[in-house]
Amino acid sequence: GRLRIEKELRQTNAFLDSIIENIPNMIFIKDADELRFVRFNRAGEKLLGYKREELFGKNDFSFFPKNEADFFIEKDRETLRSQTLLEIPEETIHTKKRGARILHTKKIPVLDPQGKSVYLLGISEDITEKIQIEQQLREFSLAMENALAGIARLDPNKKFLSVNKAYAAMMGYTQEELVGLNRMSTICPEDADKAMAAFEEMKKDGKA
């Protein structure tokens with residue numbers, strides 16, 4: 001009985017270890033007293049540029065600028081005090097080899113049977129590229145909106161998905177009025193056939 005239970009526990013622990021090790025986000029565990037690292041996974045090593053052996057037994061002040069370490073430790077303490085999950089949507093961390101990265105971090109207190117915080121579990125996703133892409137899309141949208149040339153996006157049924165200020169002004173509508181309208185309905189009937197033919201020609205040329 002006891003040997004079987006011990007074997008099952010070992011198998012369960014090995015399974016959990018494998019999951020933690022292979023999760024693509026950084027996972028770390030710190031002790032609650034001095035907030036020193038006691039556990040680290042492969043994604044964390046890759047992100048920070050340190051081997052776990054270099055991290056074990058040390059806290060954030062050994063690896064990050066003081067203002068960053070102060071912020072991390074403050075959030076750790078807040079999590080342990082409140083004994084609830086703390087979510088940090090964006091935090092900057094300076095890594096050893098990859099420069100500044102932006103993380104989305106969740107910090108979770110780990111309690112003993114008496115309800116005392118004994119460990120702090122952290123899960124961090126590197127969202128640097130996602131933030132950069134969002135910024136580029138915002139800049140592109142702004143450039144389109146403020147372009148002097150009229151620009152419109154249509155769905156397959158030739159309904160307006162979006163138009164910029166210049167296009168709306170040229171058509172004599174507001175931007176809000178045009179979205180959802182069929183392109184042909186904005187043209188007087190006698191010009192509609194001519195416009196449709198011209199539009200099909202533009203499609204062939206790859207201009208619409």
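All residue numbers in this chain count up from 1 along the given sequence.
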## Note on the structure
D17 meets the salt bridge (charged side-chain N to carboxylate O under 4.0 Å, His left out) criterion, sequence neighbours left out, with R39

Under 3.5 Å donor-acceptor pairs involving side-chain atoms of residues 114-123, not counting sequence neighbours:
unit_1, atom_1, unit_2, atom_2, d
S117, OG, L80, O, 3.2
S117, OG, Q83, NE2, 3.3

#### Entry: In one Ile/Leu/Val/Met/Phe/Trp/Tyr side-chain cluster, 4.5 Å: M26, I19
no

### Message
With side-chain hydrogen bond (donor to acceptor under 3.5 Å, both in side chains) as the criterion, how do E91 and H104 come out once you've worked through the C-alpha distance, each side chain's angles and the decisive distance to 0.1 Å?
### Response
CA-CA 7 Å; E91 62 177 1; H104 174 192; over 6 Å; no

### Message
To the nearest 0.5 Å, what is the distance between OG1 on T79 and CG on L85?
### Response
7.5 Å

### Message
Using the salt bridge (charged side-chain N to carboxylate O under 4.0 Å, His left out) criterion, which residues pair with E139? Sequence neighbours excluded.
### Response
none

### Task
Report yes if the side chains of R42 and N22 come closer than 4.5 Å at any heavy-atom pair, otherwise no.
yes

### Task
Kindly give the cluster partners of M144, where membership spreads through any ILVMFWY side chain lying under 4.5 Å from a current member.
F140, I151

### Task
Could you pull out all residues at least two apart from E74 that satisfy salt bridge (charged side-chain N to carboxylate O under 4.0 Å, His left out)?
none

### Summary
Nearest heavy-atom approach of N164 to A149 is ND2-O, 3.0 Å

### Contacts of type side-chain contact (heavy atoms from CB on, under 4.5 Å), residue R4, not counting sequence neighbours
E8

### Task
Could you tell me whether R81 and E78 have a side-chain N and a carboxylate O separated by less than 4.0 Å?
no

### Query
Which ILVMFWY residues are connected to I102, directly or by a chain of links, through side-chain heavy atoms under 4.5 Å apart?
I127, I131

### Message
Nearest 0.5 Å, please: how far is CD in E90 from OG1 in T128?
### Response
9.5 Å

### Query
Is there a side-chain contact between E125 and L103, using heavy atoms and a 4.5 Å cut-off?
no

### Query
For A100 and T92, which heavy atoms make the closest approach, and how far apart are they?
CB-CG2, 4.0 Å

### Message
Run the side-chain contact (heavy atoms from CB on, under 4.5 Å) test against K58 and tell me which residues pass, sequence neighbours left out.
### Response
S62, F63

### Task
With sequence neighbours excluded, give me every ring-ring contact (aromatic ring centres under 6.0 Å, His included) pair touching residues 72-94.
F64-F72

### Pairing of E129 and R101 as salt bridge, 4.0 angstrom limit
yes

### Task
Could you pull out all residues at least two apart from R10 that satisfy side-chain contact (heavy atoms from CB on, under 4.5 Å)?
E6, K7

### Query
Do D31 and F37 have side chains that get closer than 4.5 Å, going by heavy atoms?
no

### Query
Who pairs with P24 by side-chain contact (heavy atoms from CB on, under 4.5 Å), at least two apart in sequence or on another chain?
none

#### Entry: Heavy-atom donor-acceptor pair, R52 side chain to F40 backbone, under 3.5 Å
yes

### Message
Taking salt bridge (charged side-chain N to carboxylate O under 4.0 Å, His left out) as the definition, give me every residue that meets it alongside D76, ordered by chain and number, with sequence neighbours left out.
### Response
K30, K107

#### Entry: Pairing of R36 and E34 as salt bridge, 4.0 angstrom limit
yes

### Task
Would you please indicate if the ring centroids of F160 and Y167 are separated by under 6.0 Å?
yes

### Message
Walk me through whether E68 and I93 qualify under side-chain contact (heavy atoms from CB on, under 4.5 Å).
### Response
CA-CA 7 Å; E68 259 177 45; I93 190 166; 4.0 Å; yes

### Summary
So NZ of K158 and CG of L181: to nearest 0.5 Å the spacing works out to 15.5 Å

### side-chain contact (heavy atoms from CB on, under 4.5 Å) between V38 and F28, intermediate numbers included
CA-CA 8 Å; V38 297; F28 57 88; over 6 Å; no

### Summary
Heavy-atom nearest pair, R77 first then D33, reads NH2-O, 2.7 Å

### Message
Would you say CG of L148 has more than 12 non-hydrogen atoms from neighbouring residues, nucleotides or ligands within 6.0 angstrom?
### Response
no

